[in-house]
Amino acid sequence: MRTSTIFAIVASLGVAIADDVYLGFNSGATTDSKNAKKQADFEKEFETAQKLRDSPGLFNAIRLYTNIQAETTDTPIEAFPAAVKTNTKLLLGLWCSGTTSIKNELSALSKGIDQYGTNFTNLVIGISVGSEDMYRVSESGIRNNAGLGQAAEAIANFVKEVRDNIKDTPLSKIPVGHVDTWTAWVNESNKAVVDEVDFVGANLFPYYEDDKGNDFSNATAVFGDAFNKTKNAVGDKPVWITETGWPITGPDFGKAKASLDNAKGYWETIGCTLFGRTNTFWYTLHDSNPDNKAKFAITKDLSTTPQFNLTCPANAGAPPSINTSPSNSENGNNGKSAASTTSSSLMSWLVAGLSFVCAVAAWAA
Ligand SMILES: *[C@@H]1O[C@H](CO)[C@@H](O)[C@H](O)[C@H]1NC(C)=O
Ligand SMILES: *[C@@H]1O[C@H](CO)[C@@H](O)[C@H](O)[C@H]1NC(C)=O
Ligand SMILES: *[C@@H]1O[C@H](CO)[C@@H](O)[C@H](O)[C@H]1NC(C)=O
Ligand SMILES: *[C@@H]1O[C@H](CO)[C@@H](O)[C@H](O)[C@H]1NC(C)=O
Ligand SMILES: *[C@@H]1O[C@H](CO)[C@@H](O)[C@H](O)[C@H]1NC(C)=O
């Protein structure tokens, strides 16, 4: 093997490593007491996310469910200026259930682009057209009274409509996808959506899998099995984990029990193997669904001291999150540790890459 080839491989490894893998949380448009979130509420939330004590990485991405400010028709959601102010990356969402039109969602987005310009669009990492719409019209969604949903064909058409709408904007190159439960992604009736999207957003909660042996002790198996089935069902489409987590309080669900220990254990055994490897939006920093008796928030009242220690175990098997954003130290009190883990993990990956290349070179020679 020629030296140039070796360097090319090392360089390509380097590029793959330096690419951002997003670490984030989900954020609803209203609070847990059903009030519309204002810019200041979003700012507080996004700042807390970036300043969490003992965080294994910089949580500077947020997934939204809608572009529309709560209690308005098509005013851009105030999460946009809050993201600009806190340098938070955005996985945008368009609410697509129980409607025949996404015009208001598109209008809010277009106004947001006009109002905040590239300060806003530079932060957008993806657009999800819909959220769990196909789950709601599935057998289990109907059984759980999940509410109005949307059929696959309608979602696929909305995805096309979004692409058409952003093609002459600074968002034209941003991946357009859809978020749904893993069960919706493995359902062959929904293939039209798999074919249409750039990425697959999978919501995956072993806690809710009451027909899969969902005692906490089996959470890793339930998660692994569902994640594998999802990846197998969607071919080469990248799978982002758009919601996962374990509740701290709430009712038993099958054999699953909500508790602080289980939430911490789930973070360590599932979260820590995803962070830095797969785009992950944890559920969640701050609860915002009063109808859900299970409470997932890892902080109380947006304190930067979480309810449990977020440190990842040394044997979690995942590289620490790598974030190359130059603004780390400006925005997070963990800027220092983020910078040092970046260089050390980059080094260990490069060393691993080099030894692999050397082994291949030796074998080829
Ligand atoms: C974008 O940010 C810059 C720097 O903060 C500011 O001067 C400018 O007015 C912003 N542009 C818009 C459209 O908000
Ligand atoms: C698969 O999707 C179809 C169409 O939405 C739905 O009717 C069916 O219930 C789904 N199957 C399962 C097992 O959820
Ligand atoms: C654990 O989960 C796997 C995957 O869902 C399932 O096949 C298995 O039966 C579960 N084990 C127990 C003991 O419930
Ligand atoms: C998922 O797939 C990976 C790779 O194919 C395999 O190593 C792992 O055991 C699988 N996990 C489960 C729970 O099936
Ligand atoms: C969290 O755990 C880590 C590793 O054990 C430890 O260094 C750190 O001090 C702990 N943080 C708190 C607030 O106890």
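Counting convention: from 1, in listed order, for ligands and their atoms alike.
- Looking only at distances, a side-chain donor or acceptor of Thr284 sits under 3.5 Å from a matching main-chain atom of Asn26.
- Note: an N/O pair closer than 3.5 Å links Glu139 and ligand 2 by distance alone.
- Other residues, nucleotides and ligands place more than 12 heavy atoms under 6.0 Å from the CG atom of Asp211.
- The aromatic ring centroids of Phe216 and Trp246 lie less than 6.0 Å from each other.
- Scored by the side-chain contact (heavy atoms from CB on, under 4.5 Å) test, Ala108 finds Asn67, Ile68 as partners (sequence neighbours excluded).
- Remark: ligand 2 and Asn187 share an N or O pair separated by less than 3.5 Å (distance only, no angle test).
- Of all atoms in ligand 2, numbered sequentially from 1 with element shown, those under 4.0 Å from a heavy atom of Ser189 are 1 (C), 2 (O), 3 (C), 4 (C).
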Identify the protein atoms, limited to N or O, that lie within less than 3.5 Å of an N or O atom of ligand 3, and list each pair with its distance to 0.1 Å.
residue	atom	partner	partner atom	Å
ligand 3	2 (O)	Lys212	O	3.4
ligand 3	2 (O)	Asn218	ND2	2.4
ligand 3	11 (N)	Asn218	ND2	2.9

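- In Lys255, the NZ atom is not crowded: 12 or fewer heavy atoms of neighbouring residues, nucleotides or ligands sit closer than 6.0 Å.
- Of the candidates Phe25, Phe275, Trp240, Thr280 forms a side-chain contact (heavy atoms from CB on, under 4.5 Å) with just one, namely Phe275.
- Close contacts of ligand 1 with Asn119, meaning ligand atoms under 4.0 Å from a residue heavy atom, involve 1 (C), 2 (O), 3 (C), 8 (C), 10 (C), 11 (N), 12 (C), 14 (O).
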**Message:** Thr88 vs Asn60, test: side-chain hydrogen bond (donor to acceptor under 3.5 Å, both in side chains). Steps then yes/no.
**Reply:** CA-CA 5 Å; Thr88 295; Asn60 65 346; over 6 Å; no
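- With ligand atoms numbered from 1 in the order given, ligand 1 contributes 13 (C) to contacts under 4.0 Å with heavy atoms of Gln115.
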**Message:** Could you go through Tyr283 and Tyr207, starting from their C-alpha distance and side-chain angles, then the distance that decides it, and tell me whether this counts as ring-ring contact (aromatic ring centres under 6.0 Å, His included)?
**Reply:** CA-CA 12 Å; Tyr283 198 90; Tyr207 168 78; over 10 Å; no
